[in-house]
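A quick write-up on the structure given underneath.
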Amino acid sequence: MTGSVRDPLLQVRDLTHHYGRHLGCRDVSFDLHPGEILGIVGESGSGKTTLLKCVSGQLQPTDGSVSYRTRDLGPVDVYGMSEARRRLLMRTDWGIVYQNARDGLRMKVSAGANVGERLMAIGDRHYGHIRSEAVDWLERVEMDMGRIDDMPGTFSGGMQQRLQIARNLVTKPRLVFMDEPTSGLDVSVQARLLDLIRGLVGSLGIACIVVTHDLGVVRLLSHRLMVMKGGQVVEHGLTDQVLDDPQHPYTQLLVSSILPV
Ligand SMILES: Nc1ncnc2c1ncn2[C@@H]1O[C@H](COP(=O)(O)OP(=O)(O)OP(=O)(O)O)[C@@H](O)[C@H]1O
Ligand SMILES: [Mg+2]
């Protein structure tokens with residue numbers, strides 16, 4: 001492996017994105033280390049999804065850079081490489097879990113195929129191995145094995161999210177991006193899903209960036225926390241420190257209105 005485990009996996013520098021005249025996010029910089037979980041919170045429209053899309057190779061930023069440390073080649077400029085190479089990197093090294101499972105699943109193929117096809121996409125051609133890995137991952141996310149051949153559209157919201165997680169983790173990514181992975185689910189389903197994410201991501205040592213409105217989610221999942229407002233980062237630090245002793249007036253407001261102190 002190129003680089004030491006102490007080297008950042010991801011280096012984001014001065015990232016800015018404009019949608020025409022509209023600001024998406026501005027001047028965002030951070031490092032993410034292997035196995036680290038970074039939470040991003042902020043009000044609606046603060047730029048969280050824009051930032052996540054830019055960082056995860058889905059949206060070319062207007063300005064700034066994203067550098068990712070690959071297994072073999074060391075740091076590479078995510079937007080300096082060809083589109084084909086970036087797509088390959090996204091398949092082999094990264095996972096993306098969307099808020100709306102329909103954006104992250106293929107609704108016209110079975111649950112088993114949703115997981116298995118990700119292995120095929122990275123070159124696995126052994127049917128027996130693909131099937132057994134798919135079964136193993138569906139079990140890990142506590143899917144009912146009787147439904148392995150069912151289409152995702154017949155599943156509940158919580159089951160669809162668990163399927164998305166299996167589909168994303170089966171390739172053993174080093175980095176997973178999640179945009180509001182638990183919103184829209186009822187509280188007990190959310191809690192189970194969060195436990196599952198925490199257990200899997202933690203045991204596999206996967207680095208993760210999680211966008212959420214929910215301070216409870218970041219408190220449970222993330223090591224570090226970034227607070228966004230108006231497209232910019234207003235506070236960034238260890239999650240407990242930021243939540244227990246917020247420095248920026250906006251973070252103080254956010255914390256006091258949601259977490260009784
Ligand atoms: N496709 C787009 N075209 C134009 N403006 C956009 C587009 N997508 C986002 N924006 C604008 O960029 C800003 C940041 O939006 P973004 O979706 O990143 O916010 P967010 O923090 O993810 O919000 P939410 O919590 O509601 O998902 C907003 O002002 C939004 O209106
Ligand atoms: Mg968003």
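Just so it is clear, the values below take in all heavy atoms, side chains as well, and ignore hydrogens, waters and symmetry mates. Just so you know, ligand 1 is whichever comes first in the structure, and atom 1 is the first atom listed for that ligand. What you see is a predicted model, and the numbers here were worked out from it, not measured in a lab.
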Salt-bridge criterion met for Glu133 and Lys172 (N-O under 4.0 Å): yes
statement: In ligand 1, the atoms that come under 4.0 Å of a heavy atom of Thr50 are 14 (C), 15 (O), 16 (P), 18 (O)
message: Starting from atom 23 (O) of ligand 1, what is the nearest protein heavy atom, named by residue and atom, and what distance separates them?
response: Gly45 N, 2.8 Å
- prompt: Which protein N, O or S atoms lie under 2.8 Å from the Mg ion (ligand 2), given by chain and residue number?
  reply: Thr49 OG1
task: For atom 21 (O) of ligand 1, grab the closest protein heavy atom and report residue, atom and distance to one decimal in Å.
output: Lys48 NZ, 2.8 Å
statement: Within 4.0 Å of some non-hydrogen atom of Gly24, the atoms of ligand 1 are 12 (O), 14 (C)
query: Do Gly47 and ligand 1 have an N or O pair less than 3.5 Å apart?
result: yes
query: With a cut-off of 4.0 Å, which atoms of ligand 1 are near a heavy atom of His213?
result: 25 (O)
- request: Decide, yes or no, whether a salt bridge links Asp31 with Arg13 under the criterion of side-chain N to carboxylate O below 4.0 Å.
  value: yes
query: Is there side-chain contact between Arg69 and Gln11, with heavy atoms separated by less than 4.5 Å?
result: no
message: Heavy-atom contact check, 4.0 Å cutoff: does Glu43 meet ligand 1?
response: yes
message: Looking only at protein heavy atoms, which one is nearest to atom 27 (O) of ligand 1, and what is the separation?
response: Thr49 OG1, 3.9 Å
query: Is there a side-chain contact between Asn168 and Pro173, using heavy atoms and a 4.5 Å cut-off?
result: no
- line: At under 4.0 Å between heavy atoms, what of Leu23 touches ligand 1? The answer is backbone
query: How does Met228 reach ligand 1, by side chain, by backbone, by both or by neither, if only non-hydrogen atoms under 4.0 Å count?
result: neither
Test item: protein heavy atom less than 4.0 Å from atom 9 (C) of ligand 1: yes
query: Using 4.0 Å as the upper bound for N to carboxylate O, is an ion pair formed by Arg219 and Asp244?
result: yes
task: Measure the CZ-CD1 distance between Arg91 and Ile122 for me, rounded to the nearest 0.5 Å.
output: 9.5 Å
field: Main-chain N/O of Gln99 paired with Glu180 side-chain donor or acceptor, under 3.5 Å
entry: no
query: Touching ligand 1 at all, Gly42? Heavy atoms, strictly under 4.0 Å?
result: no
- prompt: Does an N or O anywhere in Glu180 fall below 3.5 Å from an N or O of ligand 1?
  reply: no
- request: Any chance you could measure Leu200, atom CG, to Ile206, atom CD1, to the nearest 0.5 Å?
  value: 7.5 Å
task: Would you indicate whether the side-chain heavy atoms of Pro8 and Glu36 approach each other to under 4.5 Å?
output: no
message: Whether the Tyr68 and Arg174 side chains hold a donor-acceptor pair (N or O, under 3.5 Å, no angle test) is what I'd like checked.
response: yes
field: Exercise: do Ser188 and Asp186 side chains pair donor with acceptor under 3.5 Å
entry: yes
The single option from Leu185, Val217, Val141 passing side-chain contact (heavy atoms from CB on, under 4.5 Å) against Leu193: Leu185
- request: Step through the shown structure and confirm whether more than 12 heavy atoms of other residues, nucleotides or ligands are within 6.0 Å of CE on Met107.
  value: yes
query: Are there more than 12 heavy atoms of other residues, nucleotides or ligands under 6.0 Å from atom OH of Tyr127?
result: no
message: Between ligand 1 and His22, is the shortest N or O to N or O distance under 3.5 Å?
response: no
- request: Identify, for atom 26 (O) of ligand 1, the protein heavy atom at the shortest distance, and state residue, atom and that distance.
  value: Ser44 OG, 2.5 Å
message: Students should be able to answer this: which protein heavy-atom is nearest to atom 4 (C) of ligand 1, and at what distance?
response: Tyr19 CB, 3.3 Å
